Every structure is written in structure tokens, then in C-alpha cells.
> 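If you scroll down you'll find the structure; I have some questions about it.
The model shown is predicted, which means the values in this text are computed figures rather than measured ones.
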Amino acid sequence: MNWGSPIFVIAIVTVCTMGWIFNNWIRARHGYPLENEWGGTSERLGAPDSDRKIELLTNENEQLTGKIGRLEERISVLERIATEKEGTASRLAEEINRLRD
């Protein structure tokens, strides 16, 4: 192979260009800012929208955490009722029936 041939120069340029394209594809896929050919960076266009989504998901997470806490309390009460002695459980059933009437 002749190192000074135009085919070798074209091959080097092609390999470098494909590497640059692959690098930018990986960076864009993972949310990093992209570099242009002069060394500057360009931000993703959807960045403000993603901040809003993060805020909404954070609020939803807080609500769900509160619901889980309340459900855990209710389950512990139900477990306590289910594991009480028979006399206490029947007394509780009688009280519930009196309240219904």
C-alpha cells in the first residue's frame, strides 16, 4: 500500500469523520451537550421541558410516598384486629353491629 496515495488520505478522513459522528451520537443519547466543529457546545433543545417533567415526577413521588405511609398504618391496624384474642374480636364485632343499628 502506498502511504501517499489519495485513497489512504480519504480513508483517514472517513475514519475520523465516522468517529466524530459516533462520539456525538453517544453524547446526544446520554444527554451531554454536543460539540460543534469549532469546539463550542450546543445544548439540547428539550432541556426546559425535561426540568418540568422532573418537577412533576418529584411531586408525584411525594404524593405516592404519603399514600404508602397511610396504607401501612391501615394495614397495621387490620393486622392488629386480625391477631387479637377471640374475646376482644367478638366484642369489637358487637360494637360495630351496634353502631350500624
> Tell me every residue that passes salt bridge (Lys or Arg N to Asp or Glu O under 4.0 Å) with E95, counting only those two or more places apart in sequence or in another chain.
R91
> Find the distance between CD1 (I10) and OG (S5) and round it off to the nearest 0.5 Å.
8.5 Å
> Which atom names give the shortest non-hydrogen contact between N61 and T65, and what distance separates them?
O-OG1, 2.7 Å
> Quick one: CD1 on I12 to CD1 on I7, what's the gap to the nearest 0.5 Å?
12.5 Å
> Could you state the interatomic distance from CG (L78) to CZ (R74), rounded to the nearest 0.5 Å?
7.5 Å
> Can you find a heavy atom in the side chain of L57 that is under 4.5 Å from one in the side chain of E60?
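Side-chain contact under 4.5 Å: yes.
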> List the residues meeting side chain to side chain contact (heavy atoms under 4.5 Å, CB included) with E72, not counting sequence neighbours, and say none if there are none.
I68
> How about N97 and E94: do any of their side-chain heavy atoms sit closer than 4.5 Å?
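Counting from C-beta outward, N97 and E94 never come under 4.5 Å.
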